[in-house]
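Here's the structure, in structure tokens; my notes come after.
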Number of protein chains: 2
Amino acid sequence: MRPPVIVNSKTMQGTGQLPKFKEDLFKLEGLDAYLIPTAEVPVTNFYQDEIIDVTKPIMFTAFTPCFRAEAGSGGRDMRGLIRAHQFNKVELVKLVSHKDLKSEFEKTVLDAKSILELLELPFRELQLCSGDLGFSSEETIDLEV
Amino acid sequence: MRPPVIVNSKTMQGTGQLPKFKEDLFKLEGLDAYLIPTAEVPVTNFYQDEIIDVTKPIMFTAFTPCFRAEAGSGGRDMRGLIRAHQFNKVELVKLVSHKDLKSEFEKTVLDAKSILELLELPFRELQLCSGDLGFSSEETIDLEV
């Protein structure tokens, strides 16, 4: 999927970027429109307000530029790729039933790790503090190269 | 080159998008920052305020998303790829001396045409009316697929 990188506030709420991370977003002047910080936003909202059958997981991948205002960042937070205002990223999104949640989540982390291993990139696995998560996230693991 | 797609007003003036085409641009709220309508903007401004040696032409290519507000469009102007708010585009930029201008311009048009012919895409060649050009353009030819 090559989704749009400009989305409205309803879509930003759908994946929890709004209201909590408003200062991290670039907003377009005079419009209800924001630049996406990750392709997770338009991809996950592809089925916004629909009831869908996830007996089998629905899987998407997308490649987009991502935009971060990083207005509140400072000190130790200023280093690394995800501190850039613009970067390209491949996104993996799975829509699954609650019973498949844990196993599909673990598979996704393994998929991402195996790509880093194939590329021979050293990385560390970081479990994010729940205080740094949006309301739509139960658990977040960052693989930091 | 994979340039940034957010640029400031000085850069937009450097390639003539500002002031004439302001209503076609997306501006970021609270910042002197705009989304590029074409990679021509960041690529040409790569040498902003520099005096460079163009005895030999300097050539760049870039692939970026492009953004158009299309605020003033209507009727016949609403059709086609370049009427979309976001699309991906390959850009060819040459920095040349005045004596090479005509020949390099013609070569660039031929290069673009030959790609369309290789892809077997029918197209028409359109010479833009000077009233539709910015102050930085002497001549513009659109190849419309």
Side-chain angles (χ1 to χ4, degrees), chain A residues 1-13 17-43 45-46 60-74 78 80-91, chain B residues 1-13 17-43 45-46 60-74 78 80-91:
Chain A
M1 194 184 279
R2 296 283 306 236
V5 303
I6 301 173
V7 300
N8 63 20
S9 56
K10 184 180 179 186
T11 295
M12 282 293 187
Q13 283 158 20
Q17 276 72 29
L18 286 177
K20 187 169 180 179
F21 300 111
K22 192 175 167 94
E23 68 171 15
D24 285 340
L25 300 174
F26 287 117
K27 185 182 177 301
L28 301 189
E29 193 170 275
L31 297 168
D32 176 34
Y34 299 82
L35 298 182
I36 60 167
T38 159
E40 171 197 333
V41 179
V43 173
N45 280 280
F46 189 67
F60 289 114
T61 184
F63 176 70
T64 68
C66 303
F67 303 92
R68 312 263 169 114
E70 299 293 347
S73 75
M78 291 187 70
L81 181 66
I82 60 167
R83 297 281 87 87
H85 288 308
Q86 178 189 331
F87 57 94
N88 294 312
K89 183 163 60 69
V90 174
E91 185 73 11
Chain B
M1 193 185 278
R2 294 286 303 237
V5 303
I6 302 172
V7 301
N8 64 20
S9 55
K10 184 180 178 183
T11 295
M12 282 294 186
Q13 283 159 21
Q17 276 72 31
L18 286 178
K20 187 169 179 179
F21 300 112
K22 193 177 164 94
E23 68 171 14
D24 284 339
L25 300 175
F26 288 117
K27 185 182 177 303
L28 300 189
E29 192 168 276
L31 297 169
D32 176 33
Y34 299 81
L35 298 182
I36 59 168
T38 159
E40 170 197 334
V41 180
V43 173
N45 279 280
F46 189 66
F60 288 115
T61 184
F63 176 70
T64 68
C66 302
F67 302 92
R68 311 264 168 112
E70 298 293 348
S73 75
M78 291 188 70
L81 180 66
I82 61 167
R83 297 280 88 88
H85 288 308
Q86 177 189 331
F87 57 93
N88 294 313
K89 183 162 62 67
V90 173
E91 185 72 11

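First the proteins, then the strands, lettered A, B, ... as listed; each starts at 1.
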Is A:Pro65 in contact with chain B via its backbone, its side chain, both, or neither, using a 4.5 Å heavy-atom distance? side chain
Is A:Leu31 in contact with chain B via its backbone, its side chain, both, or neither, using a 4.5 Å heavy-atom distance? side chain
Which residues pass the side chain to side chain contact (heavy atoms under 4.5 Å, CB included) test with A:Phe63, sequence neighbours left out? A:Arg2, A:Asn88, A:Val90, B:Arg2
Residues of residues 34-42 of chain B within contact distance of chain A, non-hydrogen under 4.5 Å: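 Residues in range: B:Leu35.
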Partner set under side-chain hydrogen bond (donor to acceptor under 3.5 Å, both in side chains) for B:Gln13, not counting sequence neighbours: none
side-chain hydrogen bond (donor to acceptor under 3.5 Å, both in side chains) against B:Thr64, all qualifying residues, sequence neighbours excluded: none
Should we say atom NZ of B:Lys22 is surrounded by more than 12 heavy atoms from elsewhere, each under 6.0 Å from it? no
Do other residues, nucleotides or ligands put more than 12 heavy atoms under 6.0 Å from the CZ atom of A:Phe46? no
With rounding to the nearest 0.5 angstrom, report the CG to CD distance, A:Leu25 to B:Glu29. 11.5 Å
Separation of A:Ile6 CD1 from B:Phe67 CZ (nearest 0.5 Å):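 Reported value, rounded in 0.5 Å steps: 5.5 Å.
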Please walk me through it: do A:Leu28 and B:Lys27 pass side-chain contact (heavy atoms from CB on, under 4.5 Å)? CA-CA 6 Å; A:Leu28 301 189; B:Lys27 185 182 177 303; over 6 Å; no
